[in-house]
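The structure appears right after this line, and notes come after that.
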Amino acid sequence: MGRSDDVTLPLGTPFLTDPAAAAVVRAVSAGGHEVFFVGGCVRNALMGTGATDVDLATDAEPAQVIALAEAAGLRTVPTGLAHGTVTVLAEGQPFEVTTFRRDVETDGRRAVVAFAASMEEDARRRDFTINALYAGPDGHVRDPVGGLPDIAARRVRFIGDAAARIAEDRLRMLRFFRFSAHYADPSHSMDPDALSAIAQAAGDATALSAERIGAEMLKFLGAPDPAPALAAMAQTGLGAVILPGSDAVPMARLVHVEGLLGLSPDPLRRLAALAPEIGGLRLSKAQQKRHSLLRELVGRPDDTAALAYRFGAAAAWDTLALRAALLEAHLPSDAAARIAAGAGARFPLKASDLPLEGKALGDALKTAEARWIASGFTLDRASLIEQALNG
């Protein structure tokens, strides 16, 4: 990786060659200010993963950023002035430009900040070393807190004292495991200072909002393999605090089964494996409904084709994977064919086909549909009508 004074981002790094990003940098630099790409975009460029949102840090204060951007013909939105953030729009793309800042007061959920004079002060208020890397417009990387060695080792560490960083924002406990799942080398042990501090502070997570925990958990569970980090989180006691009744053990089996079935990581499928109830997580109504449905389908007697017919192919694949992970059920070798058959099947009988009314009609249709499904969707309309009328 090299020393912090000789590391440059790879040639062709997208945000360095993006004309829109360059327009924002030029606008702020025109006032004689320093401007750096910061955080996730720099981290991911160094790790060779996909880019996240492109954020910028500067010594210019928000009013100066607004004036300079608008003088350059760019539109601005004062999205977070209390925290020093202005969104600058260039070629239709939003870029958050944030003034160097330091924490003045924190309560574990939010911070009161003041503008800082230097990048070094700005870096010390951030969470992890790998998130406190700054790159100039030329791609040269500045590393005020030792993030480059951690990038090279694929290691997640808090900046400075782990307990102090957690006290500033308790969500950082969960973020530690989320970043570990996405960026750390799973063959290496997690930072012992971080794990110890999290174990000590785990009970304080009850003060976090259900919305923040829910959003963070879904990001966490979207990692390629969250199982090792989930197991470590359970050992610290944090898992039981934020999601009572959760069991991290089946997650490794689920990730393995997803690979066998060719399923992409899905946070809701994985949440269904992790816990029967969402507990204190605040999810959207659609997400809650899907979680409940998947947990219900795991215990239903429906075979694979019937699941696909009644609930769609995606739900059938999810249920197969969850049954294998939670119940250690056998994966049928013809699963794809069964799911395709069920998802494509169309019940050939309509209410108007039967000379019945009311409850009798509903019962007859329900019975006929069950027989049709049991036949492997082979009974035709005439056979179904005859059976419905003659018992």
Side-chain angles (χ1 to χ4, degrees), residues 39-53 126-133 147 150-159 162 165-166 169-199 201-202 205 208 212-243 246-259 263-275 278-279 281 283 287 291 321-322 325:
C41 62
V42 181
R43 176 198 66 226
N44 286 12
L46 289 167
M47 299 186 83
T49 62
T52 59
D53 295 336
R126 295 176 181 268
D127 50 10
F128 309 117
T129 60
I130 62 173
N131 291 340
L133 295 163
D150 290 333
I151 288 279
R154 292 177 61 196
R155 176 175 56 220
V156 178
R157 285 192 309 118
F158 283 101
I159 294 170
R165 298 291 79 75
I166 290 169
D169 184 351
R170 298 182 187 95
L171 191 68
R172 286 174 172 172
M173 292 187 283
L174 186 50
R175 283 171 60 83
F176 172 80
F177 294 110
R178 192 247 290 186
F179 278 86
S180 295
H182 280 277
Y183 300 111
D185 184 342
S187 67
H188 296 166
S189 298
M190 292 185 186
D191 181 58
D193 292 336
L195 295 176
S196 176
I198 291 169
L208 292 167
R212 293 185 79 196
I213 295 176
E216 194 66 31
M217 277 300 297
L218 293 183
K219 293 176 183 176
F220 180 6
L221 294 175
D225 182 3
L230 276 170
M233 186 171 78
Q235 290 174 350
T236 65
L238 181 62
V241 173
I242 64 173
L243 200 54
S246 60
D247 181 4
V249 172
M251 190 60 62
R253 289 198 298 268
L254 178 60
V255 172
H256 175 68
V257 170
E258 288 173 343
L263 300 178
S264 299
D266 185 295
L268 263 297
R269 182 198 306 127
R270 290 170 170 185
L271 183 60
L274 184 62
I278 61 172
L281 307 189
L283 305 178
Q287 290 169 334
H291 177 271
L322 287 168

Problem set entry | Verdict with reasoning, Val257 to Leu322, per side chain to side chain contact (heavy atoms under 4.5 Å, CB included) | CA-CA 9 Å; Val257 170; Leu322 287 168; over 6 Å; no
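- With sequence neighbours excluded, the residues satisfying salt bridge (charged side-chain N to carboxylate O under 4.0 Å, His left out) with Arg155 are Asp150.
- No side-chain donor-acceptor contact under 3.5 Å links Arg178 to the backbone of Phe220.
- Scanning all heavy atoms of the two residues, the minimum distance from Pro250 to Ala273 falls at CG-O, 4.3 Å.
- The shortest distance between side-chain heavy atoms of Gln287 and Leu218 falls below 4.5 Å.
- From Asp266, atom CG reaches atom CG of Leu221 across 9.5 Å, with rounding to the nearest 0.5 Å.
- With hydrogens and angles ignored, the 3.5 Å screen pairs a side-chain donor or acceptor of Arg270 with a backbone N or O of Ala223.
- If you take OG on Ser246 and CG on Leu281, they are separated by 9.5 Å, rounding to the nearest 0.5 Å.
- Contact record, Arg154 with Pro186: NH2-CD, 4.0 Å, taken as the closest heavy-atom pair.
- The shortest heavy-atom contact between Ala275 and His291 is O-NE2, 3.0 Å.
- Residues Phe179 and Arg43 meet the side-chain proximity criterion, which asks for heavy atoms closer than 4.5 Å.
- Counting only distance, with no hydrogens or angles, the side chain of His182 and the backbone of Lys219 share a donor-acceptor pair below 3.5 Å.
- The two residues Ala201 and Ile166 have their closest heavy-atom pair at CB-CG2, 3.9 Å.
- Residue Phe128 forms a ring-ring contact (aromatic ring centres under 6.0 Å, His included) with just one option from Phe177, Tyr183, Phe158, and that option is Phe158.
- Considering CD of Glu216 and CZ of Arg172, their distance stands at 11.5 Å, rounded to 0.5 Å.
- Separating the CD1 atom in Ile213 from the CD1 atom in Ile278 is a distance of 12.0 Å, to the nearest 0.5 Å.
- In this structure, the side chains of Met190 and Val156 stay at 4.5 Å or more apart for every pair of heavy atoms.
- Between the CG atom of Leu243 and the CG atom of Leu271 there is a distance of 6.5 Å, given to the nearest 0.5 Å.
- Between Val241 and Met173 the shortest side-chain heavy-atom distance does not fall below 4.5 Å.
- Here the side chains of Asp127 and Arg165 are not in contact, with every heavy-atom distance at 4.5 Å or above.
- Ser180 contributes atom OG, which lies 11.0 Å from atom CG of Leu230 (distance to the nearest 0.5 angstrom).
- Of all heavy-atom pairs between Pro226 and Met251, the closest is CG-CG, 4.2 Å.
- When side chains are defined from C-beta on, Leu263 counts as touching Arg269, because their heavy atoms get closer than 4.5 Å.
- The shortest non-hydrogen separation linking Pro265 to Gly222 is CB-O, 3.9 Å.
- Remark: the backbone N or O of Met233 is paired with a side-chain donor or acceptor of Thr236 at under 3.5 angstrom.
- Two residues are said to be in side-chain contact when any heavy atoms from C-beta on lie closer than 4.5 Å; Met217 and Pro267 fail this criterion.
- Counting heavy atoms from C-beta outward, Leu195 and Phe176 have side chains that approach closer than 4.5 Å.
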